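On a predicted model such as this, the values are computed, not experimentally measured, just so you know.
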Amino acid sequence: MSTLVNHADTSNEMILVLDFGGQYNQLIARRVREDHVYCEVHPSTLPLDAIRTMKPKGIILTGGPNSVYKADSVTCSPELFRLGIPVLGICYGSQLMAHLLGGRVETAPTSEYGKTEVTVDAKDSLLFQHVDEKTICWMSHTDYIAAAPEGFHVTAHTPVCPVAAMENAEKKLYATQFHPEVMHTEQGKTMLRNFVYDVCGCQGDWKMGDFVEKTVAALKKKIGSGRALCALSGGVDSSVAAVLLSKAIGKQLTCVFVDHGLLRKDEGDQVAAVFGPEGPYDLNFIRVNAQDRFYAKLKGVTDPEQKRKIIGEEFIRVFEDEAKKIGAVDYLVQGTIYPDVIESGLGNSATIKSHHNVGGLPDYVDFKEIVEPLRLLFKDEVREVGRELGLPDYLVNRQPFPGPGLGIRIIGDVTAEKVKIVQEADAIYREEVAKAGADKELGQYFAALTNMRSVGVMGDGRTYDYAIALRAVMTSDFMTAESAQLPWEVLQRTTSRIVNEVKGVNRVLYDCTGKPPATIEFE
């Protein structure tokens, strides 16, 4: 039976985010952590006793897709607002606060979507300190608060939304109809910081240096004289996890790198060069070439969720096989991070995609426990931990690569032939982007193989080949992203090289979609 190990240190002050199915739940937590205050996202069904035990300094209620006045809508106990803990309701959370405390929520005569000018009415509000009287905020609602509950004051409005914000300062209850967490709300960070520091009284004790020290100590205590196997992919997350565990238990750790045949071109050799015997790290390193067994498991499978789960389970089976060869290995170490956990399904939120190391895990895992020391960190926090551990920049700032690899960058079934096509196309794309110096501001960029085939003309002959899709996004947190505007000449050179050098491709497309509505990966 596996156990997901949570290394949160409850001595840190904490803000609790209760998720009502909002698309920005992670983003709220990320914004709070940017102010050096620890923050966790939990489902809205979290019991009151659990909340009391956690002793949060403040609670934030997220947005959500429902109408609070409908019988089947997600809700919470009104007692939440009587715990004496400051609460900030956002969008659906604001409407829920109003509804449960005696206000009136109705379908808005005019819905608001996108950037909206909000007028701040209460200059003395703690929430709106240092915020302009007229400020641009991001709205996304069809319902609105028609009347605030007794004891609340309206602190902001728009021409069509009479209660864009409200508060009961005495009870430390605050609400905004708009989303302060998104970048389109120009002074949203200021509002959230005001809530966290001035309303909740936080001091800002969430530091990555402290995290490293406390986590190493916790790992030493947990594993003791036992042995651990680290699932090392060579990516940022698993590399940081490996070095963190090595610092804690030294040679009791064995790092297993599984080449599942779905890596980028030459990547297996590159990972072995860094972490193997000739590399700078004194690790027990094993490389397993398992391409054939992964291709066999994926044969004929086209559903992306099924692909993720197959790849996730097969990883575990390889690790189990290697653990038996090593002998007496109790712990499996993974580089799971917080967005993996949330995107794999949390409370009322939809499962966006099952990550191979979370939602893709099989029901039974033949290890005593699964240790995930980075499970509570966002990507930029993981990079900061890597710097604290002394990892070089080329590792810390490495391009993200999903655990299922090219299996989710190939639309449809996976074959060795298709893997070869996307490896070659991706290598050309990355080479041309880097050569032009266009990679510096990109969060992620890659080539994917679509399942679309179309007619083309090459060498005076008819072709019927695949289309490659190129993607490049700009992002700071990988929770939201904008499509990058790459120079046209870079795209032209890349296209010319791909159709001329990669057999089986006669068309190249560029993906202009942001996240949301798309995800960064194709599947």
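The side-chain heavy atoms of Leu442 and Leu486, taken from C-beta on, include a pair separated by under 4.5 Å. Counting heavy atoms from C-beta on, the side chains of Val256 and Phe285 never come closer than 4.5 Å. Within the 4.5 Å cutoff, the side chain of Val414 has no heavy atoms near those of the Thr302 side chain. Considering only heavy atoms from C-beta on, Thr62 comes within 4.5 Å of Ile28 through its side chain. Side-chain contact between Arg33 and Tyr38 is present, with heavy atoms from C-beta onward closer than 4.5 Å. Residues Asn194 and Val199 form no side-chain contact, since every pair of their non-hydrogen atoms from C-beta on lies 4.5 Å or further apart. Cys255 has its side chain out of reach of Ile286: every pair of non-hydrogen atoms, C-beta onward, lies at least 4.5 Å apart. At a threshold of 4.5 Å between non-hydrogen side-chain atoms, the residues Lys379 and Asp237 count as touching.
Taking CD of Gln444 as the start and CZ of Arg471 as the end, the distance is 9.0 Å to the nearest 0.5 Å. In this structure, the separation between CZ on Arg31 and CD1 on Ile15 is 16.0 Å, given to the nearest 0.5 Å. Between the CG atom of Asp210 and the CG atom of Asn12 there is a distance of 7.5 Å, given to the nearest 0.5 Å. Atoms SG and CG, from Cys39 and Leu376 in turn, are 11.0 Å apart once rounded to the nearest 0.5 Å. The line from CD1 of Ile90 to CZ of Phe20 is 11.5 Å long, rounded to the nearest 0.5 Å. Interatomic distance, Leu229 CG to Arg227 CZ, rounded to the nearest 0.5 Å: 9.5 Å.
Screening residues 383-395 for salt bridge (Lys or Arg N to Asp or Glu O under 4.0 Å), with sequence neighbours left out, gives no hits. For residues 265-276, every residue pair satisfying the side-chain hydrogen bond (donor to acceptor under 3.5 Å, both in side chains) rule, not counting sequence neighbours, is listed here: Arg264-Glu267, Lys265-Glu424, Glu267-Arg398, Asp269-Arg287.
Of the charged side-chain nitrogens involved, none lies within less than 4.0 Å of a carboxylate oxygen, so that Lys189 and Asp35 do not count as a salt-bridged pair. We find that Asp321 and Arg293 are joined by a salt bridge, their nearest charged nitrogen and carboxylate oxygen being less than 4.0 Å apart. One finds a salt bridge joining Lys325 and Glu322 here, because a Lys/Arg side-chain nitrogen approaches an Asp/Glu carboxylate oxygen to under 4.0 Å. The residues Lys307 and Asp413 are annotated as not salt-bridged, no charged nitrogen and carboxylate oxygen being separated by less than 4.0 angstrom. Remark: Glu313 does not engage Lys309 in a salt bridge, criterion side-chain N to carboxylate O under 4.0 Å.
With hydrogens and angles ignored, the 3.5 Å screen pairs a side-chain donor or acceptor of Thr215 with a backbone N or O of Phe211. Looking only at distances, a side-chain donor or acceptor of Glu13 sits under 3.5 Å from a matching main-chain atom of Gly204. Between the side chain of Ser238 and the backbone N or O of Ser233, at least one donor-acceptor pair lies under 3.5 Å. The backbone N or O of Gln187 sits nowhere less than 3.5 Å from a side-chain atom of Thr185 that would complete a donor-acceptor pair. Without hydrogens or angle criteria, Tyr331 side chain to Lys368 main chain gives no donor-acceptor distance under 3.5 Å. Tyr338 places a side-chain N or O within donor-acceptor distance of the main-chain N or O of Val41, the cut-off being under 3.5 Å. Panel note: side chain Asn500, backbone Ser496; a donor-acceptor pair is recorded below 3.5 Å. Without hydrogens or angle criteria, His260 side chain to Gly403 main chain gives a donor-acceptor distance under 3.5 Å.
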After noting the C-alpha distance and the side-chain angles of Met191 and Gln129, does the key distance pass the side chain to side chain contact (heavy atoms under 4.5 Å, CB included) rule? CA-CA 8 Å; Met191 298 172 199; Gln129 291 180 99; over 6 Å; no
In sequence, state the C-alpha distance, the side-chain angles, and the governing distance for Lys420 and Glu417, and then conclude on salt bridge (charged side-chain N to carboxylate O under 4.0 Å, His left out). CA-CA 5 Å; Lys420 178 72 171 174; Glu417 177 193 10; over 6 Å; no
For a side-chain hydrogen bond (donor to acceptor under 3.5 Å, both in side chains) check, start with the C-alpha distance between Glu381 and Trp206, then their side-chain angles and the critical distance, and finish with the verdict. CA-CA 11 Å; Glu381 292 174 320; Trp206 177 242; 2.9 Å; yes
Is there a side chain to side chain contact (heavy atoms under 4.5 Å, CB included) between Asp511 and Leu470 once you walk through the steps? CA-CA 6 Å; Asp511 184 353; Leu470 305 179; over 6 Å; no
Phe522/Ile408 under side chain to side chain contact (heavy atoms under 4.5 Å, CB included): CA gap, chis, key distance, verdict: CA-CA 6 Å; Phe522 275 70; Ile408 56 170; over 6 Å; no
Assess the residue pair Ser140 and His179 against the criterion (side chain to side chain contact (heavy atoms under 4.5 Å, CB included)); give the C-alpha distance rounded to whole Å, side-chain angles, the decisive distance to 0.1 Å, and a yes or no. CA-CA 8 Å; Ser140 181; His179 290 270; 4.3 Å; yes
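Between Ala467 and Thr450, the shortest heavy-atom contact is O-OG1, 2.8 Å. Taking both residues in full, the closest heavy atoms of Pro56 and Ile85 are given as O-CG2, 3.7 Å, listed atom of the first, atom of the second, then distance. Heavy-atom minimum distance, Ala436 versus Val490: CB-CG2, 3.6 Å. Closest non-hydrogen pair, Gly234 versus Leu395, comes out as O-CD2, 4.4 Å. Smallest separation of non-hydrogen atoms from Gly268 and Asp259: CA-OD2, 4.2 Å. Across every non-hydrogen atom of Pro402 and Glu521, the tightest pair is CD-OE2, 3.4 Å.
Checked options Glu432, Glu431, Glu501; the residue passing with Arg493 is Glu432 (criterion: salt bridge (Lys or Arg N to Asp or Glu O under 4.0 Å)).
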Let me check something: any side-chain donor-acceptor pairs from residues 241-254 under 3.5 Å, sequence neighbours excluded? List them with distances.
{"from": "Lys251", "atom 1": "NZ", "to": "Asp282", "atom 2": "OD1", "distance (Å)": "2.9"}
{"from": "Gln252", "atom 1": "NE2", "to": "Gly224", "atom 2": "O", "distance (Å)": "2.9"}
{"from": "Gln252", "atom 1": "NE2", "to": "Gly226", "atom 2": "O", "distance (Å)": "2.6"}

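In Lys55, the NZ atom is not crowded: 12 or fewer heavy atoms of neighbouring residues, nucleotides or ligands sit closer than 6.0 Å. For Glu489, the CD atom is densely surrounded, since the number of other residues' heavy atoms within 6.0 Å is greater than 12.
Annotation: cation-pi geometry not satisfied between Arg430 and Phe446 (NZ/CZ under 6.0 angstrom from ring centroid, within 45° of ring axis).
Ring to ring, Phe319 and Phe367 are not that close: their centroids are 6.0 angstrom or more apart.
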